[in-house]
Amino acid sequence: MDFIQALILAVIEGITEYLPISSTGHMILASSFMGIESDPFVKFFTVAIQLGAILSVVVLYFKRFFRSLDFYFKLFVAFIPSAVFGVLFSDAIDALLESPLGVAISLLVGGVILLFVDKWFNKTFIENSDEIDYFTAFKIGFFQCIAMIPGVSRSGATIVGGMAQRLSRKAAAEFSFFLAVPTMFAATAKKAYDFYKDGFVLTDEQIKLLAVGNVVAFIVAMLAIKFFIDFLTKYGFRVFGWYRIIVGGAILALMLAGYKLEIV
């Protein structure tokens, strides 16, 4: 992976991490189109640059992260299901990460769901994410487990999960952003541990790629979050649903036409 490829992946991560369109799915597809070799560093890079996206949430919602311990307890409760599922099914998840067909199907199915989710969950009782109780946080955490399937979208699954618990779109989106922090930090720490456990050591060039990737992901994610909250509050999910359907359909069409779309 060269500098330009790393830069492109970082931009994709920043744009897609908090939108309901699947950052992992888009990076898998982008890597495939660019012919990036799937070596241990590339796999580590695509996870590690999430740290930049994490920091963007902390900066934008700085006061919320220092308001009370109750905030952290709720995030921990919501994080538990994905932590358990991640440990139990880590090998299966890694296998799915190299399946463009799986990504395409997930994009399509998720897109159809997003077309109707605003009608399904149009009655809200919780307008502020601070009002979420522990049991509600725990249930939203189970929706996050669905996002372990590449192409589903972690933010999309947790926002829909929040709306299913009668949160407003804004409250569900904000809680999804907050839940991303422990989830993505844990995923990055696990990937770093595996990387070094397997005997790999970062080179100077790889460290530079990681640094640039995180800075770019941070800046782009800041802009994406601000755009998404305003857009979601006004217009809902339909645009994202159609986008997913178009992208998923295009991938399937390319594969049916004989285009070899896979990570090399």
Side-chain angles (χ1 to χ4, degrees), residues 1-50 53 89-118 143 145-157 159-160 187 191 209 213 216-217 220-221 224 227-228 231-232 235-264:
M1 181 171 61
D2 59 33
F3 178 83
I4 298 299
Q5 291 170 334
L7 189 64
I8 292 172
L9 289 181
V11 171
I12 291 172
E13 163 63 22
I15 292 174
T16 61
E17 182 58 51
Y18 297 108
L19 303 185
I21 56 177
S22 177
S23 61
T24 301
H26 278 74
M27 284 197 286
I28 288 174
L29 297 174
S31 297
S32 179
F33 278 118
M34 292 188 289
I36 298 175
E37 182 178 354
S38 182
D39 59 31
F41 172 72
V42 170
K43 292 181 178 180
F44 177 53
F45 177 88
T46 56
V47 175
I49 58 173
Q50 294 176 343
F89 302 105
S90 60
D91 292 339
I93 295 168
D94 286 341
L96 289 172
L97 287 173
E98 298 189 10
S99 173
L101 176 60
V103 171
I105 294 173
S106 294
L107 285 170
L108 281 170
V109 173
V112 173
I113 291 173
L114 290 185
L115 291 181
F116 300 100
V117 71
D118 289 315
F143 279 86
C145 296
I146 303 171
M148 291 179 180
I149 302 172
V152 169
S153 169
R154 191 209 61 81
S155 63
I159 293 172
V160 171
K191 187 64 70 174
L209 291 177
V216 172
V220 176
F227 158 78
F228 180 54
F231 187 92
L232 182 65
Y235 304 108
F237 285 100
R238 287 185 64 84
V239 171
F240 299 106
W242 282 117
Y243 172 81
R244 291 176 63 107
I245 291 170
I246 292 170
V247 173
I251 294 168
L252 288 179
L254 287 172
M255 297 182 75
L256 289 173
Y259 186 86
K260 192 175 181 181
L261 186 61
E262 63 181 10
I263 297 178
V264 296

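Counting from 1, the numbers follow the sequence of the chain as shown.
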Considering residues at least two apart in sequence or located in another chain, which fulfil the side chain to side chain contact (heavy atoms under 4.5 Å, CB included) criterion with Leu19? Ile15, Ile21, Phe228, Phe240
Nearest heavy-atom neighbours spanning Met27 and Glu13: CE-OE1, 3.3 Å
If the condition is ring pair (Phe, Tyr, Trp, His ring centres under 6.0 Å), which residues does Phe143 pass it with, not counting sequence neighbours? none
Can you name the residues that form a side chain to side chain donor-acceptor pair (under 3.5 Å) with Ser155, not counting sequence neighbours? Ser153
The side chain to side chain contact (heavy atoms under 4.5 Å, CB included) partners of Ala221 (sequence neighbours excluded) come to Tyr18, Ala53, Ser56
Between Leu114 and Gly241 the two heavy atoms that sit nearest each other are CB-CA, 3.7 Å
Whether over 12 other heavy atoms sit under 6.0 Å from Phe3 CZ: no
Atom of Ala10, atom of Ile49 and distance for their closest heavy-atom approach: CA-CD1, 3.9 Å
Nearest-0.5 Å distance that lies between atom CG in Leu232 and atom CZ in Phe237: 4.5 Å
Among all residues two or more places apart in sequence or in another chain, which pass the side chain to side chain contact (heavy atoms under 4.5 Å, CB included) test with Ala6? Met1, Phe45, Leu209
Under the rule for side chain to side chain contact (heavy atoms under 4.5 Å, CB included), what residues qualify as partners of Ile105, not counting sequence neighbours? Leu101, Val109
Under 3.5 Å: donor-acceptor pair, side chain of Arg244, backbone of Pro20: yes
Minimum heavy-atom distance between Thr46 and Lys43, given as atom pair plus value: OG1-O, 3.0 Å
Applying side chain to side chain contact (heavy atoms under 4.5 Å, CB included), run through Val117 and Ile159 and close with a yes or a no. CA-CA 10 Å; Val117 71; Ile159 293 172; over 6 Å; no
Starting at CD1 of Ile36, measure out to CZ of Phe41 and round the result to the nearest 0.5 Å. 10.5 Å
Step by step, work out the side chain to side chain contact (heavy atoms under 4.5 Å, CB included) result for Val220 and Ile12. CA-CA 9 Å; Val220 176; Ile12 291 172; over 6 Å; no
Quick one: list whatever passes side chain to side chain donor-acceptor pair (under 3.5 Å) with Tyr243, sequence neighbours left out. His26
Give the minimum heavy-atom separation between Ile245 and Leu108, together with the two atoms involved. O-CD2, 3.4 Å
Minimal non-hydrogen separation, Ala104 against Ile251, with atom names: CB-CG2, 3.6 Å
Point-to-point distance, once rounded to the nearest 0.5 Å, from CG of Asp2 to CG of Leu7: 10.0 Å
My understanding is that only residues two or more places apart in sequence, or in another chain, count here; which of them pass side chain to side chain donor-acceptor pair (under 3.5 Å) with Ser23? Glu17
